[in-house]
Enquirer: 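One structure coming up, written as structure tokens, with questions to follow.
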2 protein chains.
Amino acid sequence: MSENKHSGNLSPEFALLGFLVSGQSHGYDLHQKFTTELGHVWHLSQSQAYAILKRLETRGDISAHIVEQEKLPARQVLRITAQGRKRFFAWLELGIGTNARSIRLEFLTRLFFAQLHRSESIPQIYKSQMDEIESSIGKLETLIEHLPPEQIFNRLSLDLRLQQLRLIQNWMAEIRTQFHISRI
Amino acid sequence: MSENKHSGNLSPEFALLGFLVSGQSHGYDLHQKFTTELGHVWHLSQSQAYAILKRLETRGDISAHIVEQEKLPARQVLRITAQGRKRFFAWLELGIGTNARSIRLEFLTRLFFAQLHRSESIPQIYKSQMDEIESSIGKLETLIEHLPPEQIFNRLSLDLRLQQLRLIQNWMAEIRTQFHISRI
DNA sequence: CCATATATACTCACTCGGTGAGTATATATG
DNA sequence: CATATATACTCACCGAGTGAGTATATATGG
């Protein structure tokens, strides 16, 4: 009905996990990587990055061990666990957002990591996202149809969301050609 | 740079305040009104509504007093204070979001309450929103221009945002004709 | 006529999102 | 020699959001 829902698939979390798939790292470095590679896709403050990493650790998706350094402050070196790896690849192929914003954010992030770690599954990821968008469009259309005509503001909101989804469809079609994704 | 920022102008708060401008009410009723009138613009759970109202009270934007009822549980009847009224009308004319989502949400909400409480200021509200969008488009365009070409994912994200802003421009032009808003 | 659903009215405990400032040290720059 | 910048992380705080619980009254259906 709305967008303010928690999806449970917030992906700055998975993005951090995704960087750790490439090998061990630490908070500062992960935040740097994130910002340069995806800084215009998501925003992630440093303290928020550390907060997410702490959560991932308590959940058992990553493990930490302290490495003392001669001169600079000690690092907490982080490694992804088997469980974390499993969760990450599950998200990569299943995690789908429903609204305009999360499609842009999550889809791009998934595409980024798919290219890095599993380029063979790009067509699959692309297709399931596209299917999801089409089904959302369908749902919105019927919702709008059945909306009482006096609800002008609700209607305006839904209208714009519908138009945004169609825009995203075209934007994704563009991506298909850019990434040479074959139809499946 | 990103959208995840706190704007400080979160408007479910101001929407609740806006309903109280019409006269005193209580949590349950406000949530009902909100849901039927703006339920497809924003989503607001009942508990969240109460949480916001509590905050508004501690801030001094509304005042509460308990009214016992014969049979049903007691109500906390809420009234907007002079300060709250001031804050609300300031938001109505100044509160402007910068990204696609907040434009849709906040602009529609402002339009809704402007129609209810201050229809004469609609052209002003419309114009400042439109100006804001145009300036955002300008900023995005230069950002994209100066983005190093290897940053494909950042570029894709910014491209989509730009297209979304242009879409919103058209959607707003539609609204102008629907609401007979004169150019100023 | 009794069970169940729905409406009224609100509370609580919890997790997550997000910021801003602070701490401490090392190296580079003018 | 002072200052800025990079490294590396912590902390306190507030706001967003949910889900379930509490308590009572009326309407509805078999």
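Residue numbering restarts at 1 for every chain, and letters A, B, ... go by the order of the sequence lines.
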Enquirer: Do Arg166(B) and Glu141(B) sit within salt-bridge range, that is, some charged N less than 4.0 Å from a carboxylate O?
Expert: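 Answer for the salt bridge query: yes.
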Enquirer: Which whole-number value in Å describes the distance from Leu53(A) CG to dA8(D) P?
Expert: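 These atoms are roughly 14 Å apart.
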Enquirer: Where does the angle between the aromatic ring planes of Trp91(B) and Phe88(B) fall among parallel (under 30°), tilted (30 to 60°) and perpendicular (over 60°)?
Expert: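 Answer is tilted, since the angle falls between 30° and 60°.
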Enquirer: Can you tell me how far C1' of dA16(D) sits from CG of Leu44(B), to the nearest Å?
Expert: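 The distance from CG of Leu44(B) to C1' of dA16(D) comes to 10 Å, rounded to the nearest Å.
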Enquirer: Do the side-chain N or O atoms of Arg55(B) get closer than 4.0 angstrom to the phosphate oxygens (OP1, OP2) of dG17(D)?
Expert: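 Answer is no, no contact under 4.0 Å.
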Enquirer: Between Arg59(A) and dT15(C), is there a side-chain N or O to OP1/OP2 distance below 4.0 Å?
Expert: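 Indeed not, no polar side-chain atom of Arg59(A) lies that close.
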Enquirer: Could you list the residues that satisfy side chain to side chain contact (heavy atoms under 4.5 Å, CB included) with Ile152(B), not counting sequence neighbours?
Expert: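 With neighbours one apart ignored, the set is empty.
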Enquirer: Taking only N and O in the side chain of His43(A), is any of them less than 4.0 Å away from OP1 or OP2 of dT19(C)?
Expert: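 Answer yes for this pair, as a side-chain N or O of His43(A) is under 4.0 Å from OP1 or OP2.
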Enquirer: Would you please test Arg161(B) and Asn99(B) for side chain to side chain contact (heavy atoms under 4.5 Å, CB included) and show each step?
Expert: CA-CA 8 Å; Arg161(B) 274 174 54 194; Asn99(B) 61 291; 5.6 Å; no
Enquirer: Rounded to whole Å, please give me the gap between CZ in Arg75(A) and C1' in dC9(D).
Expert: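 In whole Å, dC9(D) C1' and Arg75(A) CZ are 12 Å from each other.
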Enquirer: If I take atom CD1 in residue Ile66(B) and atom C1' in nucleotide dC10(C), what distance separates them, rounded to the nearest angstrom?
Expert: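 So the CD1-C1' distance, Ile66(B) to dC10(C), works out to 11 Å.
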Enquirer: Is it the case that over 12 heavy atoms from other parts of the model lie below 6.0 angstrom from the CD atom of Gln83(B)?
Expert: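 Result for CD/Gln83(B): enclosed.
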Enquirer: For Gln76(A) and dA8(D), what is the distance between atoms CD and P respectively, to the nearest whole Å?
Expert: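 Whole-Å distance recorded here is 13 Å.
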Enquirer: So which one's nearest nucleotide on DNA chain C is more toward 5', Tyr28(B) or Lys54(B)?
Expert: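 Result: Tyr28(B).
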Enquirer: Name every donor-acceptor pair, under 3.5 Å, that has one atom in a side chain of residues 48-59 of chain B and the other anywhere in the protein, sequence neighbours excluded.
Expert:
{"from": "Tyr50(B)", "atom 1": "OH", "to": "Tyr28(B)", "atom 2": "N", "distance (Å)": "3.2"}
{"from": "Arg55(B)", "atom 1": "NH1", "to": "Glu13(B)", "atom 2": "OE1", "distance (Å)": "3.0"}
{"from": "Thr58(B)", "atom 1": "OG1", "to": "Lys54(B)", "atom 2": "O", "distance (Å)": "3.3"}
{"from": "Thr58(B)", "atom 1": "OG1", "to": "Arg55(B)", "atom 2": "O", "distance (Å)": "2.8"}
{"from": "Arg59(B)", "atom 1": "NH1", "to": "Glu13(B)", "atom 2": "OE2", "distance (Å)": "2.7"}

Enquirer: Rounded to whole Å, please give me the gap between CD in Glu13(B) and P in dC14(D).
Expert: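 It works out to 15 Å between those atoms.
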Enquirer: Any idea which of dT10(D), dC16(C), dC10(C) is nearest the Tyr50(B) side chain?
Expert: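 So the side chain of Tyr50(B) is nearest to dC10(C).
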Enquirer: Which whole-number value in Å describes the distance from His26(B) NE2 to dA9(C) P?
Expert: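 It is 5 Å, rounded to the nearest whole Å.
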Enquirer: Mind listing the N/O atom pairs, protein and nucleotides 19-22 of chain D, below 3.5 Å?
Expert:
{"from": "dG19(D)", "atom 1": "O6", "to": "Ser47(B)", "atom 2": "OG", "distance (Å)": "2.8"}

Enquirer: Which range-with-range stems can be found for DNA chain C when each stem has 3 or more Watson-Crick or G-U pairs in a row and both distances sit under 3.5 Å?
Expert: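 Output for stems: C:1-30 with D:1-30.
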Enquirer: Name every donor-acceptor pair, under 3.5 Å, that has one atom in a side chain of residues 118-126 of chain B and the other anywhere in the protein, sequence neighbours excluded.
Expert:
{"from": "Arg118(B)", "atom 1": "NH1", "to": "Glu93(B)", "atom 2": "OE2", "distance (Å)": "3.3"}
{"from": "Ser121(B)", "atom 1": "OG", "to": "Arg118(B)", "atom 2": "O", "distance (Å)": "2.9"}
{"from": "Tyr126(B)", "atom 1": "OH", "to": "Met172(B)", "atom 2": "O", "distance (Å)": "2.9"}

Enquirer: Starting from P on dG17(C), measure out to CG on Leu56(A) and report it in whole angstrom.
Expert: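 Result: 10 Å.
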Enquirer: Salt bridge check: are Lys33(A) and Asp29(A) linked by an N-O gap of less than 4.0 Å?
Expert: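 Yes, Lys33(A) and Asp29(A) are salt-bridged.
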Enquirer: I'd like to check the side chain to side chain donor-acceptor pair (under 3.5 Å) partners of Asn170(A); sequence neighbours left out, ordered by chain and number.
Expert: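 With neighbours one apart ignored, the set is empty.
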